[in-house]
Amino acid sequence: MQVAILSGSVFGTADMVADEAVSVCSSAGLNVVRVKPATVDALLASQPESLLVCTSTTGMGELPDSFMPFYLELQSRFPLLTKIPFGVIALGDSAYGDTFCQGGELMRELLLELQAEEVLPMLRLDASESVTPEVDAQPWLEQWVNTLTQRA
Ligand SMILES: Cc1cc2nc3c(=O)[nH]c(=O)nc-3n(C[C@H](O)[C@H](O)[C@H](O)COP(=O)(O)O)c2cc1C
């Protein structure tokens, strides 16, 4: 199965989690395309059969500046991703209160609008709780991969 992995990051933490996802998925025998930088053309060209987005939140609940053009392009071109299984790993900090992991939530809502299918509830990684998000993501990633391989 072809998995497209994208990340949106300010300081590189979400990129690091996405790189961990690449190794977990590759080790499980999935065919990984790391879509970086993220553009809609690059995503569609990768002919994804599943999709993983890792993104942090910045500002007051916004997506990273480097990821925002991708989000806006996806929203305006609106390529349907009907029934494509997806997962989102959201990085944030609960100290930000109401906007905790809002960037991941924005991506998740857009992917649902595009008719993709969320196969595992979004993982929220809290910078107030842990400084090893790439390690903390591993059990979720393994579960996500299991879900995909069972469907294939
Ligand atoms: C200026 C700034 C604003 C932030 N705003 C939020 C926010 O609104 N909500 C949230 O959950 N986390 C927020 N964060 C926390 C980051 O999302 C978190 O530290 C994340 O791990 C950073 O990942 P990155 O290195 O991939 O950007 C903010 C961090 C900074 C520096």
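All values reported here derive from a predicted model rather than from experimental measurement. Every number for a ligand or one of its atoms is a count from 1 in the order of the listing.
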* To do: Give the atoms of ligand 1, by number and element, whose distance to some non-hydrogen atom of Thr13 is under 4.0 Å.
  => 23 (O), 24 (P), 25 (O), 26 (O)

* Asked: Leu72 and Val10: same hydrophobic cluster, using ILVMFWY side-chain contacts below 4.5 Å?
  -> no

* To do: Could you tell me whether Asp65 atom CG has more than 12 heavy atoms of other residues or ligands within 6.0 Å of it?
  => no

* **Identity and separation of the nearest protein heavy atom to atom 8 (O) of ligand 1** => Thr99 OG1, 2.7 Å

* Can you tell me if Asp15 uses its side chain to pair, donor with acceptor, with the backbone of Ser9 under 3.5 Å? -> no

* To do: Flag Ser56 as yes when one of its N or O atoms lies below 3.5 Å from any N or O atom of ligand 1, and as no otherwise.
  => yes

* Asked: Do Glu20 side-chain atoms and Ala137 backbone N/O form a donor-acceptor pair below 3.5 Å?
  -> no

* Report the nearest protein non-hydrogen atom to atom 26 (O) of ligand 1: residue, atom name, distance rounded to 0.1 Å. => Ser9 OG, 2.6 Å

* Which heavy atom of the protein is the closest neighbour of atom 19 (O) of ligand 1, given with residue, atom name and distance? -> Ala127 CB, 3.9 Å

* Which residue owns the protein heavy atom closest to atom 5 (N) of ligand 1, what's the atom, and how far is it? -> Gly59 O, 3.0 Å

* Report the nearest protein non-hydrogen atom to atom 15 (C) of ligand 1: residue, atom name, distance rounded to 0.1 Å. => Asp93 CB, 3.7 Å

* Can you pull out the closest protein heavy atom to atom 11 (O) of ligand 1? Residue, atom name and distance to 0.1 Å, please. => Cys101 N, 2.8 Å

* Nearest non-hydrogen protein atom, atom 30 (C) of ligand 1 -> Tyr96 OH, 3.5 Å

* Structure fact -> heavy-atom search around atom 17 (O) of ligand 1 in the protein gives Thr57 O, 2.6 Å

* Can you find an N or O of Ala14 that's nearer than 3.5 Å to an N or O of ligand 1? -> yes

* To do: Under the side-chain contact (heavy atoms from CB on, under 4.5 Å) rule, what do Leu63 and Thr58 come out as? Steps first, then yes or no, please.
  => CA-CA 6 Å; Leu63 286 164; Thr58 191; over 6 Å; no

* **No-hydrogen, no-angle side-chain donor-acceptor test under 3.5 Å, Ser50 and Arg151** => no

* **Contact (N/O only, under 3.5 Å) between Val10 and ligand 1** => yes

* Taking all heavy atoms of Pro64 and all of Ser56, pick out the closest pair and write down the distance. => CD-O, 3.3 Å

* Asked: Of all the heavy atoms in Pro64, does at least one lie under 4.0 Å from an atom in ligand 1?
  -> no

* Asked: Donor-acceptor pair, Thr39 side chain versus Ala42 backbone, under 3.5 Å?
  -> yes

* Do Trp140 side-chain atoms and Leu120 backbone N/O form a donor-acceptor pair below 3.5 Å? -> no

